[in-house]
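Please read the structure below before turning to the comments.
Numbers restart at 1 for each chain; the letters A, B, ... are given by sequence-line order, proteins then strands. Keep in mind that this is a model prediction, so the values were computed, not measured.
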There are 2 protein chains.
Amino acid sequence: MKDTVNQLKEYLIKHDIKPSTIRLKILEYLLNNPIHPTADDIYKSLLDQMPTLSKTSIYNTMDLFAGKGVVKVISLDEKEARYDINTCLHGHFKCHVCERIYDFPISCDIQTPQELEGFAINDIDINFYGICQNCKNKERRIWKWNG
Amino acid sequence: MKDTVNQLKEYLIKHDIKPSTIRLKILEYLLNNPIHPTADDIYKSLLDQMPTLSKTSIYNTMDLFAGKGVVKVISLDEKEARYDINTCLHGHFKCHVCERIYDFPISCDIQTPQELEGFAINDIDINFYGICQNCKNKERRIWKWNG
DNA sequence: CTCATATTTTATAATAATTATAATTTTACA
DNA sequence: TGTAAAATTATAATTATTATAAAATATGAG
Ligand SMILES: [Mn+2]
Ligand SMILES: [Mn+2]
Ligand SMILES: [Zn+2]
Ligand SMILES: [Zn+2]
């Protein structure tokens with residue numbers, strides 16, 4: 001337990017972030033819940049541990065984390081921003097039935113399109129939308145039930 | 001002129017949309033300005049032609065167009081939605097200096113990652129972010145000036 | 001054409017995520 | 001311990017979008 005906290009502290013320090021209680025709690029949450037949470041998800045989940053927590057602190061912390069490269073902000077089809085503790089290049093699939101967001105590896109190392117020759121590419125977002133296998137199976141079951 | 005309007009009308013009808021004045025004007029604007037405009041861009045551009053135009057009409061029309069497949073809503077790094085009259089699969093590059101959004105073709109026909117085997121993929125967004133060639137050249141010129 | 005009805009457009013208010021500002025609390029450390 | 005800096009919070013403001021209902025326009029039978 002103590003060890004974990006120290007690891008988290010080191011992790012933040014390595015990223016040039018002073019480790020405060022809130023920052024550690026948020027980092028811990030993000031590592032334990034790699035579900036691409038929204039600011040509100042994080043807020044709600046930490047509220048019982050830290051009853052004085054404010055939404056502004058979540059936003060502040062996430063901005064800080066994003067700026068220091070601890071999280072990547074992912075902007076999908078929706079109006080709320082989501083935060084990904086996994087900052088390595090990978091794709092996202094959002095199921096529009098269960099709203100879950102799946103990771104998938106980007107297989108073929110993206111080659112720069114000729115059209116973007118001479119452009120500096122700093123960031124890549126690859127987002128797929130559809131229905132995940134779980135939800136497809138459920139739908140099929142409902143089909144069967146209905147005849 | 002008359003011809004063009006008729007073509008636009010046919011285009012809407014083909015997409016199961018009753019052609020009203022506003023809808024035709026918006027469609028015309030989108031075809032003549034394939035710059036991925038925001039609702040506000042469209043509104044401001046049409047306001048002098050149609051002084052009674054309301055922002056709500058833009059949103060209504062764009063929702064209708066999106067539902068009928070006339071435009072694709074593209075959600076980038078920003079809070080405003082943008083609309084693309086080109087609904088074929090292609091990638092977007094946003095320059096964070098000039099804010100311009102460039103199209104580029106998706107070269108290698110995206111193969112479904114094994115991880116998404118059994119998933120139904122309905123939509124794909126591929127967004128690159130960085131600095132476009134224009135802006136890079138400008139920056140270099142400023143460098144030179146400053147010594 | 002004329003009236004009734006459906007559709008479209010508009011004005012207005014509501015919602016909701018995010019940001020701005022300033023006050024309060026906590027931390028660092030002389 | 002006292003003071004300044006940093007972090008956190010409360011509160012208000014902003015802004016894109018949606019909801020609602022009123023007004024304008026189009027449609028179509030009689
Ligand atoms: Mn991810
Ligand atoms: Mn495009
Ligand atoms: Zn699902
Ligand atoms: Zn540029």
Touch class at under 4.0 angstrom, heavy-atom based, for Thr38(B) against every strand present: nothing
Touch class at under 4.0 angstrom, heavy-atom based, for Asn60(B) against every strand present: base
Parallel, tilted or perpendicular: rings of His15(A) and Tyr11(A) (30°, 60°): tilted
Plane angle bin for His90(B) and His36(B) - parallel if under 30°, tilted between 30 and 60°, otherwise perpendicular: tilted
Asp84(A) with Lys72(A): basic N within carboxylate O range, under 4.0 Å: no
Find the distance [X]:[atom1] to [N]:[atom2] and express it as a whole number of Å.
{"X": "Asp63(A)", "N": "dA17(C)", "atom1": "CG", "atom2": "C1'", "value": "13 Å"}
{"X": "Ile58(A)", "N": "dT19(C)", "atom1": "CD1", "atom2": "C1'", "value": "15 Å"}
{"X": "Lys68(A)", "N": "dA7(D)", "atom1": "NZ", "atom2": "C1'", "value": "15 Å"}
{"X": "Asp77(B)", "N": "dT18(C)", "atom1": "CG", "atom2": "C1'", "value": "15 Å"}
{"X": "Ile26(A)", "N": "dA7(D)", "atom1": "CD1", "atom2": "P", "value": "13 Å"}
{"X": "Tyr43(B)", "N": "dT18(D)", "atom1": "OH", "atom2": "C1'", "value": "17 Å"}
{"X": "Arg23(A)", "N": "dA6(D)", "atom1": "CZ", "atom2": "P", "value": "11 Å"}
{"X": "Glu80(A)", "N": "dA16(C)", "atom1": "CD", "atom2": "P", "value": "10 Å"}

Nearest-neighbour nucleotide for the Ala81(A) side chain, dA11(C), dT18(C), dT17(D) considered: dT18(C)
Of the listed nucleotides dT10(C), dT18(C), dT8(D), the one nearest the side chain of Tyr59(A):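 When the side chain of Tyr59(A) is considered, dT18(C) is the closest of dT10(C), dT18(C), dT8(D).
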Comparing Thr21(A) and Arg82(B) on DNA chain D - which has the more 5′ nearest nucleotide: Thr21(A)
Closest-nucleotide 5' rank along DNA chain D - winner of Lys18(B) and Lys55(B):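 Taking each residue's closest nucleotide, the earlier one in sequence belongs to Lys55(B).
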Phosphate OP1/OP2 of dT8(D): any Ser54(A) side-chain N/O under 4.0 Å: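 Result: no.
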Presence of Ser20(B) side-chain N/O under 4.0 Å of dT8(C) phosphate oxygens OP1/OP2: no
Tyr43(B) six-ring centre to Lys55(B) NZ/CZ under 6.0 Å and within 45° of normal: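 Yes.
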Donor-acceptor side-chain pairing of Asn60(A) and Ser57(A) below 3.5 angstrom: no
Of Lys79(B) and Thr52(B), the one whose closest DNA chain C nucleotide lies more 5': Thr52(B)
